[in-house]
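Counting from 1, the numbers follow the sequence of the chain as shown.
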Amino acid sequence: EEGLKETVPRGICEAMCPARELRDREAQNRLHRFEMLAGTEKSRRPRGDPLRAVKEYSRPAAGKDSTNPSDLRPPAVLLKTVCYLIDDIAASRTLHPWSEIYGFVFDRVRAVKQDMIIQRLSGLDCVAILERTVRFFIYSSYHLCGEPLQLYDPCINDTHLQENLSWLFECYATETEPHPNQEEFQALGLLYNLGSTQATQHIMGLPERLRSTPAVKLALSINRAFLERNPVRLLRLAQGLNFLQCCALHRHLLTCRRDLLLIFSHGHSSRNCRFPLDRLAQLLSLDTALTAQLCQDYGVKVNQESQVVFSKAAFTEPEQGKLYCKLYHNIVAEKQRDLTVGSIIHGCA
């Protein structure tokens, strides 16, 4: 154990970007526009601003020494870097588009994680970093939903979100310090991974005091409704979620609404049965215009009197790529209200 401790490198770089990397990227013209020294952006070779440059992710390669202490940032600097990425980049009112912000933050957070792994970090700074990166990935999964693949890839975002989440859960399980945000993240993890056996088992293995907290109890009820294919109950319970919890749940909402239409198409399939459109809209947590649109997408007929005519035979799956999740975001969007991106990712919401 002692011998092992000595071989783990300890970072001594106090800047967000090591001086050597900043010089190299300046010389190779590889600075991101968010890192350039004001006034030099237009010049042939822009200068890097030491207060805005952030170490970029680089793939581990044979013969490359990634353990040089002067290239590694200690825990406090890593946390400061993540806070800078949230406050000055992600939450900026002047920088856009958000897809570019996402690309920059995504890469720089990946480099933070690399520094953490090389130094085998654990403890409260590590938890504070992971909690913020998980919130960033959850928020992005909602905010960038429907963007072109070259700007935002939901599968890659998901991979990183899951990795950070399981590392965070590991920290919660193995460290003795109290973690005040644990309830929030256990609930977010279940809502994001709704219906997953692994996620359900993980929650069931938690101490009773955590399982019985309001957020985890609500997430468990929603998960149960999902497993029982009870979309009416699921959507009703979802009204009680906060904004970030809705972002985590959001990727399951379309499936859930589809199930509701399918179940009703079977249960209310009769020539004389008429179902009020506004009542269906309430159940789906959509307005009537979007409800009519969703019905049309699934071949469910709405007549002139704003009544839904369910029919087992008429229900059809829309073609792949025909249905835009983003159209049906209102249940989530309404909860954002006046929350700022900064407060969402820092968890002050």
> Are any side-chain N or O atoms of Ser306 and backbone N or O atoms of Val302, one a donor and one an acceptor, separated by less than 3.5 Å?
Replying inline: no

>> Between Lys55 (side chain only) and Asp71 (backbone N and O only), is there a donor and an acceptor less than 3.5 Å apart?
In response: yes

> Hey, are the side chains of Ser92 and Asp88 touching, using non-hydrogen atoms and a 4.5 Å cut-off?
Replying inline: no

>> Go through it in stages, so that I can follow the logic: the residues are His160 and Phe106, the test is ring-ring contact (aromatic ring centres under 6.0 Å, His included), and I'd like the CA-CA distance, side-chain angles, deciding distance and then a yes or no.
In response: CA-CA 9 Å; His160 287 266; Phe106 178 93; 4.7 Å; yes

> Do Gln307 and Pro276 come close enough that some side-chain heavy atom pair is under 4.5 Å?
Replying inline: no

> Are there more than 12 heavy atoms of other residues, nucleotides or ligands under 6.0 Å from atom CD of Gln198?
Replying inline: no

> Counting only N and O atoms by type, is there a donor-acceptor contact under 3.5 Å from the side chain of Asn164 to the main-chain atoms of Thr133?
Replying inline: no

>> Can a donor-acceptor pair be found, under 3.5 Å and without considering hydrogens, that links the side chain of Arg73 to the backbone of Glu14?
In response: no

> Can you find a pair of side-chain heavy atoms, one from His250 and one from Cys145, that are under 4.5 Å apart?
Replying inline: yes

> Taking C-beta and beyond as the side chain, do Phe34 and Ile101 meet within less than 4.5 Å on heavy atoms?
Replying inline: yes

> Are any non-hydrogen side-chain atoms of Asn29 and Pro46 less than 4.5 angstrom apart?
Replying inline: yes

>> Using modelled atom types and a 3.5 Å cut-off, is there a donor and acceptor pairing between side-chain atoms of Arg132 and backbone atoms of Val82?
In response: no

> Run the side-chain contact (heavy atoms from CB on, under 4.5 Å) check on Arg33 and Glu100 step by step: do they pass?
Replying inline: CA-CA 10 Å; Arg33 68 183 181 98; Glu100 186 182 356; 2.8 Å; yes

> Does the pair Asp24 and Gln28 meet the rule for a side chain to side chain donor-acceptor pair (under 3.5 Å), with working shown?
Replying inline: CA-CA 6 Å; Asp24 289 350; Gln28 297 158 1; 5.3 Å; no

>> Within 45 degrees of the ring normal and closer than 6.0 Å to the centroid, is that where the cationic atom of Arg251 sits relative to Tyr192?
In response: yes

> Would you call Arg47 and Glu41 a salt bridge, taking side-chain N to carboxylate O under 4.0 Å as the test?
Replying inline: no

> Do the charged groups of Glu317 and Arg258 touch, with an N to O distance under 4.0 Å?
Replying inline: yes

> Hey, mind stepping through Arg110 and Glu56 against salt bridge (Lys or Arg N to Asp or Glu O under 4.0 Å) and telling me if it holds?
Replying inline: CA-CA 8 Å; Arg110 206 173 166 191; Glu56 70 175 5; over 6 Å; no

>> Membership question, hydrophobic clusters at under 4.5 Å side-chain separation (ILVMFWY): are Leu190 and Tyr142 in the same one?
In response: no

>> Going by side-chain hydrogen bond (donor to acceptor under 3.5 Å, both in side chains), name the residues that satisfy it together with Tyr298, two or more places apart in sequence or in a different chain.
In response: none

> More than 12 non-hydrogen atoms from neighbouring residues, nucleotides or ligands closer than 6.0 Å to NZ on Lys301, yes or no?
Replying inline: no

>> Counting the benzene-type ring for Trp, do Tyr139 and Trp98 have ring centres under 6.0 Å apart?
In response: yes

> Is it the case that more than 12 heavy atoms not belonging to Glu208 sit under 6.0 Å from its CD atom?
Replying inline: yes

> Can you tell me if OH on Tyr57 sees more than 12 non-hydrogen neighbours from other groups inside 6.0 Å?
Replying inline: yes

>> Using side chain to side chain donor-acceptor pair (under 3.5 Å), reason through Thr340 and Ser343 one step at a time and then give a plain yes or no.
In response: CA-CA 5 Å; Thr340 64; Ser343 68; 3.2 Å; yes

> Counting only heavy atoms not in Arg45, do more than 12 sit closer than 6.0 Å to its CZ atom?
Replying inline: yes

>> Quick check on the hydrophobic clustering: are Ile89 and Leu339 connected, directly or via other members, by side-chain heavy-atom contacts under 4.5 Å?
In response: yes

> Is there a salt bridge (Lys or Arg N to Asp or Glu O under 4.0 Å) between Arg135 and Glu184 once you walk through the steps?
Replying inline: CA-CA 10 Å; Arg135 287 196 201 100; Glu184 175 196 349; 2.9 Å; yes

>> Testing the 3.5 Å rule here: is there a donor-acceptor pair between the side chains of Asp158 and Gln162?
In response: yes

> Can you tell me if CZ on Arg20 sees more than 12 non-hydrogen neighbours from other groups inside 6.0 Å?
Replying inline: no

> Is there side-chain contact between Tyr172 and Leu210, with at least one heavy-atom pair below 4.5 Å?
Replying inline: no

>> Quick check on the 6.0 Å ring-centre criterion: do Tyr102 and His143 meet it?
In response: no

> Are any of the side-chain heavy atoms of Leu241 and Leu218 separated by less than 4.5 Å?
Replying inline: yes

>> Under a 3.5 Å distance rule, please check whether Arg236 uses its side chain to pair with a backbone N or O of Leu283 as donor and acceptor.
In response: no

> Heavy-atom distance under 4.5 Å between the side chains of Leu78 and Gln119, does that happen here?
Replying inline: yes

> Does a salt bridge link Arg108 with Glu35, judged by any charged N lying under 4.0 Å from a carboxylate O?
Replying inline: yes

> Got a donor-acceptor contact below 3.5 angstrom from the Glu21 side chain to the Pro18 backbone?
Replying inline: no

